[in-house]
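Please read all numbers here as calculations on a predicted model, not as lab measurements. Excluded from the calculations below are hydrogen atoms, water molecules and symmetry mates; all remaining heavy atoms, backbone and side chain alike, are included. Labels below follow one simple rule: chain letters A, B, ... track the order of the sequence lines, proteins then strands, and each chain is numbered from 1.
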Amino acid sequence: MIKPLRGMKDLAFEDAAKFQYFIEKAATVAKRYGYSYVETPILEDTALFKRSVGESSDIVNKEMYQFIDKGENDVCMRPEGTAGVVRFFISNKLDRQQGKFKFFYYGPMFRYERPQKGRLREFHQFGCESFGEASVYEDYTIIELVAAIFDALNIKYELEINSLGCQECMPKYRESLVEFLEKKKEKLCEDCNRRITTNPIRVLDCKNPHCKEQLVDAPKITSSLCSSCESDFTKLKSLLEQNGIEYKVNSNLVRGLDYYNKTAFEFVSSEIGAQSAIAGGGRYDRLVEFLDGKPTPAIGFAIGIERVMDLISLPKEQKSGYYIGVMDSVALDYAIAIAKALKMSETVTVEYTPRKLKAHLKAADKMNARYCLVIGEDELQNGTLWIKDLVEKVEDRLSQEQFLKRNKL
RNA sequence: GUGGGUAUAGCUCAGUUGGUUAGAGCACCAGAUUGUGGCUCUGGGGGCCAUGGGUUCGAGUCCCAUUAUCCACCCCA
């Protein structure tokens, strides 16, 4: 038996319904915030991700589905969504226009990781990217947008924010952090020691309790910000407060992708296991430039759809549509013709196996149909239909014309 | 990449210290005075006990390997 590949799942039945429900809600909210839909290719030039996500990140280092295609191009299945949208933004020369552009997208992402709860190799993200707006009001608004999506879906979350500083303050902070870490070197774990040179900020994020202990009095980025980053961060916090969005400052919050600067945020759920980040995002003012576009400030986020799946409860489904059954196979042709007309406007299921009335009613009930329509011997003889409303519990016998007229067909 | 757990019916799981024909619930199908649903009762179909090796008179049960899967580390949404 051929099974789906490791870390890949079929999406069907209730999960499929939840997925569509999520997309519908999220897209509706995103559109209200001025975002329009964009779909970019799943396969991209490997260089795109190396240059955007960053060579130092694990994603690029060891998790990419990368291969050489038949034209000998080095290609890669996208591990995240932002790079593709930024590439689209630049390829279409939108960076040369002065306007502001906002896009939302959703679709599959691929990372070659060991699967566990909330972590698949093929997973889906819904994300938004806003280009051309440097104001901190946009930082606030995009966080508000994520919150609005979760609110629309009745999902509980905790919001954590941080500022990663800019070109001015980040390098200085980095220096002082490295200095601090060098002193503690022997007491830190292997991974942390490696990170001191590769990506020192990530040390702050280490889950090892011994490391955490050592890092208590590490210099904090939030107290090393330059005046403009500092005032933006303060403004962001007050905007969140004014608008009733609860948050916690987490000065150890580091986004795993190299392109972030200034505002970084994460939405976390305590109800879904170890992989608790349900959305993450932040500002990436330098990324467009890195990818050969004109310098353009930008900010975005992504929601992990699978992570949020268990937190969604679908509205209860009402009985609807028609079930058509026959008690004798001679009536089938007749049933099919009626079904064809009905299908212009209704969901219709025809059972081809002749059954007793009781079995048909049972089946109609099982599939949540509103109406059960049965053609038996009597109906066949005098050209009528027997129809029962499974909700109102009333039944009727109509001629075919009467029935079609009643349904305006 | 590193740990640990699990693998028996379509699904959720029982299965005694190894012992005859493999169990339940759910789901499915059929019946319970002639053509009336959701409840109930009765019956039925459905298993290479993940795969491959061992140990044994005898293995679903014990041992080894492989594979899959889950959870955690790591990483991240």
Original post:
Between K9(A) and rC70(B), is there a side-chain N or O to OP1/OP2 distance below 4.0 Å?
Top reply: yes
Original post:
For R307(A) and rC76(B), what is the distance between atoms CZ and P respectively, to the nearest whole Å?
Top reply: 11 Å
**OP:** Given side chain to side chain donor-acceptor pair (under 3.5 Å), test E144(A) with Y33(A) step by step and report yes or no.
**Re:** CA-CA 10 Å; E144(A) 183 193 289; Y33(A) 278 75; 2.5 Å; yes
**OP:** Would you classify I303(A) as touching base, sugar-phosphate or nothing, given that sugar-phosphate means primed atoms plus P, OP1 and OP2, and contacts are heavy atoms under 4.0 Å?
**Re:** nothing
Subject >> Shortest non-hydrogen contact between G282(A) and Y260(A), atoms and distance >> reply: N-CE2, 3.4 Å
**OP:** Could you give the distance separating rG47(B) and rG10(B) at their C1' atoms, to the nearest angstrom?
**Re:** 12 Å
Subject >> Distance between C1' atoms of rC48(B) and rA9(B) (Å, rounded) >> reply: 13 Å
Subject >> Comparing K362(A) and I305(A) on RNA chain B - which has the more 5′ nearest nucleotide >> reply: K362(A)
Could you list, one pair per line, each protein nitrogen or oxygen that sits under 3.5 Å from a nitrogen or oxygen of nucleotides 26-28 of chain B, together with the distance?
unit_1	atom_1	unit_2	atom_2	d
rC28(B)	OP1	K366(A)	NZ	2.6
rC28(B)	OP2	K366(A)	NZ	3.3

Original post:
So which nucleotide from rC70(B), rC76(B), rC71(B) ends up closest to the side chain of I59(A)?
Top reply: rC76(B)
**OP:** Test the R121(A)-Y112(A) pair against the cation-pi criterion, namely NZ or CZ under 6.0 angstrom from the six-membered ring centroid and within 45° of the ring axis.
**Re:** yes
Subject >> Any donor-acceptor N/O pair under 3.5 Å between rC74(B) base and Q116(A) side chain >> reply: yes
**OP:** Taking only Lys NZ, Arg NE, NH1 and NH2, and the carboxylate oxygens of Asp or Glu, determine whether D396(A) and R406(A) approach each other closer than 4.0 Å.
**Re:** yes
**OP:** Take P115(A) and R111(A), find for each the nucleotide of RNA chain B with the closest heavy atom, and name the residue whose nucleotide sits nearer the 5' end.
**Re:** P115(A)
Subject >> Candidate nucleotides rC74(B), rA77(B), rG38(B), ranked by approach to the side chain of Q275(A) - the nearest >> reply: rC74(B)
Original post:
Regarding Q318(A) and S320(A), is there a side-chain donor-to-acceptor distance under 3.5 Å anywhere?
Top reply: no
**OP:** For A364(A), report the nucleic acid contact type (base, sugar-phosphate, nothing); a contact means any heavy atom under 4.0 Å.
**Re:** nothing
Original post:
Taking atom C1' in both rA22(B) and rU33(B), what distance in whole Å separates the two?
Top reply: 38 Å
Original post:
Between Y105(A) and F126(A), does the ring centroid distance fall short of 6.0 Å?
Top reply: no
**OP:** Check whether more than 12 heavy atoms from other residues, nucleotides or ligands sit under 6.0 Å from atom NZ of K220(A), and answer yes or no.
**Re:** no
Subject >> Ring centre gap for Y323(A) and H360(A) strictly below 6.0 Å >> reply: yes
Subject >> rG35(B) to rC28(B) separation - C1' atoms, rounded to the nearest Å >> reply: 23 Å
Original post:
NA contact type, G273(A), heavy-atom cut-off 4.0 Å: base, sugar-phosphate, or nothing?
Top reply: sugar-phosphate
Original post:
Side chain of K393(A): nearest nucleotide among rC76(B), rA72(B), rG38(B)?
Top reply: rG38(B)
**OP:** Between rU2(B) and rG45(B), how far apart are the C1' atoms? Round to whole Å, please.
**Re:** 47 Å
**OP:** Pick base, sugar-phosphate or nothing for E80(A), based on heavy-atom distances below 4.0 Å to the nucleic acid.
**Re:** nothing
**OP:** With C1' as the reference atom in both, quote the distance from rU34(B) to rG38(B) in angstrom, rounded to an integer.
**Re:** 23 Å
**OP:** Using the C1' atom as the reference point in each nucleotide, state the distance between rG23(B) and rG15(B) in Å, no decimals.
**Re:** 7 Å
Subject >> Ranges pairing with ranges for RNA chain B, where each run has three or more Watson-Crick or G-U pairs under 3.5 Å >> reply: B:1-7 with B:67-73, B:10-13 with B:23-26, B:28-32 with B:40-44, B:50-54 with B:62-66
**OP:** Could you tell me the separation between the NZ atom of K62(A) and the P atom of rC76(B), rounded to a whole number of Å?
**Re:** 9 Å
**OP:** Report yes if a side-chain nitrogen or oxygen of R6(A) is closer than 4.0 Å to either non-bridging phosphate oxygen (OP1 or OP2) of rU67(B); otherwise report no.
**Re:** no
Original post:
Counting side-chain heavy atoms from C-beta on, which of rG38(B), rA72(B), rC74(B) comes nearest to R114(A)?
Top reply: rA72(B)
Subject >> Passing option when W386(A) is tested against I375(A), L357(A), L398(A) for side chain to side chain contact (heavy atoms under 4.5 Å, CB included) >> reply: L357(A)
Original post:
With distance as the sole criterion, do the side chain of R119(A) and the base of rC70(B) form a donor-acceptor contact below 3.5 Å?
Top reply: no
**OP:** Identify whether the distance between the nearest side-chain nitrogen and carboxylate oxygen of R370(A) and D389(A) falls below 4.0 Å.
**Re:** yes
**OP:** Using the P atoms only, state how far rU6(B) lies from rU42(B), rounded to an integer number of Å.
**Re:** 36 Å
Subject >> Under-4.0 Å salt bridge between D139(A) and K235(A) >> reply: no
Show me the protein contacts with nucleotides 33-36 of chain B, counting only N or O atoms at under 3.5 Å.
unit_1	atom_1	unit_2	atom_2	d
rG35(B)	O6	D378(A)	N	3.0
rG35(B)	O6	D378(A)	OD1	3.2
rG35(B)	O6	D378(A)	OD2	2.8
rG35(B)	O6	E379(A)	OE1	3.4
rG35(B)	N1	E379(A)	OE1	3.1
rG35(B)	N1	E379(A)	OE2	3.0
rG35(B)	N2	E379(A)	OE2	3.2
rU36(B)	O2	K388(A)	NZ	2.9
rU36(B)	O2	E395(A)	OE1	3.3
rU36(B)	N3	E395(A)	OE1	2.7
rU36(B)	N3	E395(A)	OE2	3.1
rU36(B)	O4	W386(A)	NE1	3.3
rU36(B)	O4	E395(A)	OE2	2.5

**OP:** Could you check whether the rings of F267(A) and F265(A) sit parallel, tilted or perpendicular, using 30° and 60° as the cut-offs?
**Re:** perpendicular
Original post:
Between F123(A) (CZ) and rC76(B) (P), how many Å, whole number?
Top reply: 11 Å
Original post:
Is the count of non-hydrogen atoms from other residues, nucleotides or ligands lying under 6.0 Å from E14(A) atom CD greater than 12?
Top reply: no
